[in-house]
Structures are given as structure tokens and as C-alpha cells.
Amino acid sequence: TLLPYPGSSTSCITQQSGELQIMKADQCDNCQFFKQYPWTHIAGTCRRYPPQVISVLSSARYPDDIQNSEVESKQPTVENTDWCGEYKKL
């Protein structure tokens, strides 16, 4: 039997052989690919794949000037309670 753990959307209580156990949900904060940001307790990066080019930023002043554009490459930002099909338990 699974029951929500009071005060938490990330855990549940299960009863096996008469004992109650708290189980963490299969989500980012319980995944081996997740790296939490040091400045917050609710988000981090997913390190499942290498960094990807995610945006090209153009300067508002020179929108057609390639020399004033930036390309960023990084892992996606995810929240602790997110989940995906690539989850691997710690």
C-alpha cells in the first residue's frame, strides 16, 4: 500500500511485512544524473548527456552582427521534483 507522505509531494509511505518505510519518488533529486545547484534547494542540472547548444543570443543593438552574438552550451536546468524516462536511482 502506497500513501502520500504528509507534507511532501516527493515521498510516500509503504507498508511491507508490517513495517512502514518512506520511499522517495523516481524524480530528479533521487537520480544519479542530477547535480543540485549550491545556491538553491529546488533546482539543478541534468548531467545525463553532454552539454548542448541551447540558445543563440543576439545583441539588441546589433541584431544582424554575428560578432555581437553569443552561443551558450550547457545541461538543462531541472527542478528537484521533475522526472523523465532516463531516471537512474542513486
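Hydrogens, waters and symmetry mates play no part in the numbers below; they use all other heavy atoms, side chains included.
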By side chain to side chain contact (heavy atoms under 4.5 Å, CB included), I42 pairs with (sequence neighbours left out) T40
For F33, the other hydrophobic cluster members (4.5 Å side-chain criterion, sorted by chain and number) are none
Residue pairs passing the salt bridge (Lys or Arg N to Asp or Glu O under 4.0 Å) test with at least one member in residues 37-49, sequence neighbours excluded, are R48-E86
Query raised in the report: Can you find a pair of side-chain heavy atoms, one from L90 and one from N30, that are under 4.5 Å apart?
Result: yes
Smallest heavy-atom separation, D26 atom then W83 atom, equals O-CB, 3.5 Å
- Working for side chain to side chain contact (heavy atoms under 4.5 Å, CB included), residues N80 and Q36: CA-CA 8 Å; N80 293 7; Q36 186 144 357; 3.7 Å; yes
One should read off an interatomic distance between Q75 CD and Q52 CD, to the nearest 0.5 angstrom, of 8.5 Å
Residues pairing under salt bridge (Lys or Arg N to Asp or Glu O under 4.0 Å) where one sits in residues 34-44, two or more places apart or in two chains, turn out to be none
Going by chain and number, the hydrophobic cluster around V78 (ILVMFWY, side chain to side chain under 4.5 Å) further includes F34
